[in-house]
2 protein chains.
Amino acid sequence: MKGKLGQQSLSQRVYQQIRELITEGELLPLQRLSEANLSEQLEVSRNTLREGFRLLTQEGLLVYQPHRGVCVACPQVQDIIDIYRVRRVIEIDAIKQSYPFHPALPTMRQAIQKALQLRHQSNWQGVGTANMEFHRALVSLSDSKRLQHLFYSIAAELRLAFNFLGSPERLHSPYIEKNDQLLMLLTAGKINQAVTLLHDYLVASERLLLTAYSQHTA
Amino acid sequence: MKGKLGQQSLSQRVYQQIRELITEGELLPLQRLSEANLSEQLEVSRNTLREGFRLLTQEGLLVYQPHRGVCVACPQVQDIIDIYRVRRVIEIDAIKQSYPFHPALPTMRQAIQKALQLRHQSNWQGVGTANMEFHRALVSLSDSKRLQHLFYSIAAELRLAFNFLGSPERLHSPYIEKNDQLLMLLTAGKINQAVTLLHDYLVASERLLLTAYSQHTA
DNA sequence: AAGTCATTATTGTTCAACAATTATTTATTG
DNA sequence: CAATAAATAATTGTTGAACAATAATGACTT
């Protein structure tokens, strides 16, 4: 019934669509996804939908329960801890590879501008997205396809965790200035200082999120 | 037509089966996988097979060409470089987390024993497998689900690269002793020395593989 | 209210079909 | 004969229906 124009396969599209629903907070943890419903809603067959499900399951955004279908993953405290551990490893390694005219630096600058603009409009969801774009650009300093891919994956999980908590502004907003500082250090080639800043930044961010989590649980 | 007993889904089984065919060297780079053929051979439907294909594609072991199907990935030199970059990041970080009675250490010991035994039987493919088991255990020192998963993935790619070259014994054999040294340093708590040893080990291994690659190309 | 059994809904998997695209063969022409 | 164009075959991309296996629901009994 579908004459396709776009290059990508349908299952790939489905994968991205659901992924976006999750990272944008339209789908929340523990929510079950019915194959019948979703396949009708996204206008694809169940088989195609299931291909997308598998991808998202492997990525950790969906959880599979045999014969009971999939539901949106619910990041546990230990996941937060693990994710930040990975972030420290990947991001710190990435900035160690930085050099003054790396093409990622302008991209980081753009992300900061975008975040500032969205904060001015009080679009906190957008600020969160821009912040993640900054860090994705940062990771691309590593020039490593595989490390970038892993970060792409955990960034989505992290987004899910933030949305879980209702993503209040205070969780993202103060970091824009930190990002700016960090970028300045990198453009100046002050790697060691940048490493320290980023490390502290990540530790603080983790603590904030864990605190919010414990309150949310209680 | 299938009454299933095993817990895992069929597509998961298919995923593992094909994965094994690749890591064990039965399927070589650039080989095209016909849906009709393979689905008959593995006794699953095309739809189920395709679910497995997608997983392997996301993992980088298969390459997808729209309307032309999938073929086994062919690791390029830049992939080798990237993989070793990731290995250094992950493995060195992992051993920094080591402590004397970490449960991963006995597993590493077992892998060494297994490798020695298989070397004695001149089973080089097996030695390669055991070597990878050693390093997988090493990475589990990190206690990070996500870093372990990434390593699981790149280990398979690496295996593919080795098989591509015909996996001559000299590529693996001399490393058993290095593994042993490394493990002794870890059990003794001499982390710094272990880091140095592992780093040099990985650099040397990368160089060896890249050299073999350039010869293979020529 | 707790436990058993029948009923219903959902997932797991297959199959057959057909549109869209690519590969191959045949025909045509210079 | 070589090169190219057209026709044909094969493969992938996607669907919808079917049915078995399992889980969820609800009625019934005590």
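Every chain is numbered from 1, with letters handed out A, B, ... down the list of sequences.
The nearest whole Å value for the distance from the CD atom in B/Gln12 to the P atom in C/dT11 is 18 Å. We find that CG of B/Leu38 is positioned 14 Å from C1' of D/dT12, with the value rounded to whole Å. A straight line from CZ of A/Arg46 to P of C/dG12 spans 8 Å, rounded to a whole angstrom. Atom CD of A/Gln65 is separated from atom C1' of D/dA23 by 11 Å (rounded to the nearest Å). The OH-P distance, from B/Tyr15 to C/dT13, rounds to 17 Å in whole Å. Separating the CD atom of B/Gln8 from the P atom of D/dA21 is a distance of 18 Å, rounded to the nearest angstrom. For the pair B/His67 NE2 and D/dT11 C1', the computed distance is 10 Å after rounding to whole Å. Between the CD atom of A/Glu40 and the C1' atom of D/dT15 there is a distance of 14 Å, rounded to whole Å.
We find that B/Arg85 and A/Asp143 are not joined by a salt bridge, their nearest charged nitrogen and carboxylate oxygen being 4.0 Å or further apart. For A/Arg87 and A/Glu206, the salt-bridge test fails: no basic side-chain N is under 4.0 Å from an acidic carboxylate O.
Nearest-nucleotide assignment on DNA chain C puts the 5′-proximal partner with A/Arg68, out of A/Asn47 and A/Arg68.
Between A/Ser34 and C/dT10 there is no side-chain N or O to OP1 or OP2 distance below 4.0 Å. Contact between the side-chain N/O atoms of A/Arg50 and the OP1/OP2 oxygens of C/dT11 is not found at any separation under 4.0 Å. Considering only side-chain N and O atoms, A/Thr48 lies under 4.0 angstrom from the phosphate OP1 or OP2 of D/dT15.
Considering only the side chain of B/Glu35, D/dG13 comes nearest among D/dG13, C/dA23, C/dT13.
Within 4.0 Å (heavy atoms only), A/Phe53 reaches no atom of the nucleic acid at all.
Pairs passing the ring pair (Phe, Tyr, Trp, His ring centres under 6.0 Å) check and including a residue from residues 127-151 of chain B, sequence neighbours excluded, read B/His135-B/Tyr201. Within the structure, the side chain to side chain donor-acceptor pair (under 3.5 Å) test picks out no pair touching residues 65-75 of chain A (sequence neighbours left out).
Rounded to the nearest 0.5 angstrom, A/Leu198 CG and A/Ile95 CD1 are separated by 4.5 Å.
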